[in-house]
Amino acid sequence: MERKVRVRFAPSPTGPLHIGGVRTALYNYLFAKKNGGDFLLRIEDTDQTRYVPGAEDYILESLKWCGITPDEGVGVGGEYGPYRQSERKEEGIYKKYVDQLIESGNAYYAFDTPEELEQMRENLKAAGVAAPQYNANSRNSMKNSLTLSSEEVQKRLDAGEPYVVRVKIPRNEEVRFKDIIRGWVVVHSSNLDDKVLYKSDGMPTYHMANVVDDYLMKITHVIRGEEWLPSGPLHVLLYQFLGWADVMPEFAHLPLLLKPDGNGKLSKRDGDRLGFPVFPLEWHSPEGEISSGYREKGYFSDAFINMLAFLGWNPGTPQEIFSLEELVQAFSLDRVGKSGAKFDPEKTRWFNEQYLRAKSNEELAQLVKPLVDEKGYQYPNDSFLVDFCGLMKERATFVEDMLADDFLFVSPSKYDEQTLNKKWKEDTPEIILELKTILENITDFTAENIETEFKAFLERKSLGFGAVLPNFRLLVTGLGMGPSMFEICALLRKEETLTRIKVGLERVAEIKA
Ligand code: GLU
């Protein structure tokens with residue numbers, strides 16, 4: 001029977017969600033929506049020693065910012081949930097299956113103390129074993145229910161002695177599963193160790209809780225980062241041991257996110273070194289350390305998501321700009337690559353620029369207005385801001401960049417030296433005065449009319465653009481470069497333009513004197 005597609009994002013609240021984690025959530029979401037399935041969020045918080053306060057809220061808020069909404073699981077304010085393993089554990093869900101594994105002989109109690117475990121490792125090392133493990137060989141000389149009599153085991157359990165339950169990895173078997181992205185993965189059981197599944201404090205470990213929950217939640221596809229690939233064989237064995245082989249999910253292990261130069265896994269340190277965030281939102285650690293986030297840096301969430309989608313996947317067409325809905329339509333795991341995806345900070349900025357330019361001037365004006373007001377700039381009306389955005393967006397990566405130069409709000413207080421030295425000639429004041437008269441005579445002061453008159457003026461005087469425009473710009477904006485002067489003048493309006501030219505000429509005369 002065809003099962004309804006159900007996938008999950010299963011982060012552990014051990015710190016802020018890295019962009020690699022957001023990508024995992026995104027691919028799960030896209031896959032679910034593409035296939036008419038469900039996307040679940042499950043907080044895997046069984047390891048209390050690694051629990052970081054604030055991390056769960058951070059995960060929820062990040063997904064919300066990205067527009068990745070779970071169909072089930074914990075939502076912001078707990079509106080869907082709660083799929084929290086720490087809470088599910090209270091219901092005794094995991095213990096039941098641990099007992100089942102012990103009964104069927106696929107798991108066993110182990111009572112070894114930390115000192116005894118250390119001793120075992122040292123002995124093995126001394127005997128030349130490079131990576132000593134609790135496994136099919138060493139377990140026979142340890143204190144567990146395979147070596148102790150059943151009375152002894154019962155005595156220890158009754159006495160409340162601390163124990164763990166370990167999986168009993170079969171001695172000489174090949175474990176294989178087909179990964180959607182990697183193809184057949186084959187591991188010999190001699191390379192696996194008897195991982196702890198459960199502790200006497202009542203907590204299952206990641207492996208146990210993860211497999212049981214995937215089964216109970218009817219997960220059909222496990223889509224997760226490559227770092228979990230080594231856990232695959234153990235999970236496959238657990239499915240078999242528990243009699244769930246026929247409903248075992250398919251696995252898809254996503255490629256790693258690599259440093260911009262391609263050498264190794266992308267880390268927070270790369271972000272610090274190269275000046276880009278590795279977290280979706282700013283993160284305040286419990287120790288008070290602040291790490292930057294895409295949201296606070298001024299990235300649009302849809303640009304961020306679009307960029308992330310392309311880290312490991314491509315649509316097979318030249319199209320690069322995709323809304324979330326378009327990504328859903330285009331997405332397939334077949335087009336996810338095996339090899340690591342290089343993170344590209346430049347491309348990330350490029351995506352934001354594309355999204356900024358694609359926004360209407362009205363929408364941008366809404367975004368820029370609070371920033372303008374905060375700076376205390378004066379402007380005639382809101383439609384000024386709309387035109388302002390139309391003019392400035394072509395050169396901006398972030399909304400804030402549009403305010404990098406303030407010449408549309410305040411008249412220049414200094415004048416670009418390079419232009420003054422290279423372009424300002426003896427006859428410049430005279431030419432500018434003539435130009436000023438021409439501007440004065442334009443009744444309808446639109447960019448188009450200004451441009452026509454300006455060009456006609458150059459022609460009449462047999463002057464090149466380079467002889468007039470930079471100086472004209474200098475007087476009006478104080479800068480050596482910028483957007484269209486004709487648009488700028490139209491926005492400033494005639495009176496302000498003429499005043500700036502007049503004042504500018506006086507100031508420059510003083511500088512030159
Ligand atoms: N809790 C694991 C994590 O933090 C989940 C791995 C999985 O998806 O199976 O990533």
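Atoms within a ligand are numbered from 1 in the order they appear, just like the ligands themselves.
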Enquirer: Is the closest side-chain heavy-atom distance between M120 and S141 below 4.5 Å?
Expert: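 Heavy-atom side-chain distance check fails, nothing below 4.5 Å.
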
Enquirer: So if I apply the salt bridge (Lys or Arg N to Asp or Glu O under 4.0 Å) rule between D270 and each of K342, K265, K259, which one comes out positive?
Expert: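 Going through K342, K265, K259 one by one, the salt bridge (Lys or Arg N to Asp or Glu O under 4.0 Å) with D270 is satisfied by K259 alone.
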
Enquirer: Side-chain contact test, heavy atoms from C-beta onward, threshold under 4.5 Å: evaluate it for W313 versus P315 and give yes or no.
Expert: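 Yes, side chains in contact.
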
Enquirer: Check the pair W65 / F304 against ring pair (Phe, Tyr, Trp, His ring centres under 6.0 Å), numbers first and verdict last.
Expert: CA-CA 10 Å; W65 181 63; F304 173 69; 5.5 Å; yes

Enquirer: Going by the rule salt bridge (Lys or Arg N to Asp or Glu O under 4.0 Å), which residues pair with E152 if we only count those two or more places apart in sequence or in a different chain?
Expert: K155, R156

Enquirer: Looking at D71 and R6, does any basic side-chain N land under 4.0 Å from a carboxylate oxygen?
Expert: no

Enquirer: Are any protein N/O atoms closer than 3.5 Å to the N/O atoms of ligand 1? If there are, list each pair with names and the distance to one decimal place.
Expert:
residue, atom, partner, partner atom, Å
ligand 1, 1 (N), A10, O, 2.8
ligand 1, 1 (N), S12, OG, 2.9
ligand 1, 1 (N), E44, OE1, 2.6
ligand 1, 4 (O), S12, N, 3.3
ligand 1, 4 (O), S12, OG, 3.1
ligand 1, 8 (O), R8, NH1, 2.7
ligand 1, 8 (O), R8, NH2, 3.4
ligand 1, 9 (O), R8, NH2, 2.9
ligand 1, 9 (O), Y206, OH, 3.0
ligand 1, 9 (O), N210, ND2, 2.9
ligand 1, 9 (O), R224, NH1, 2.8
ligand 1, 10 (O), W228, NE1, 3.3

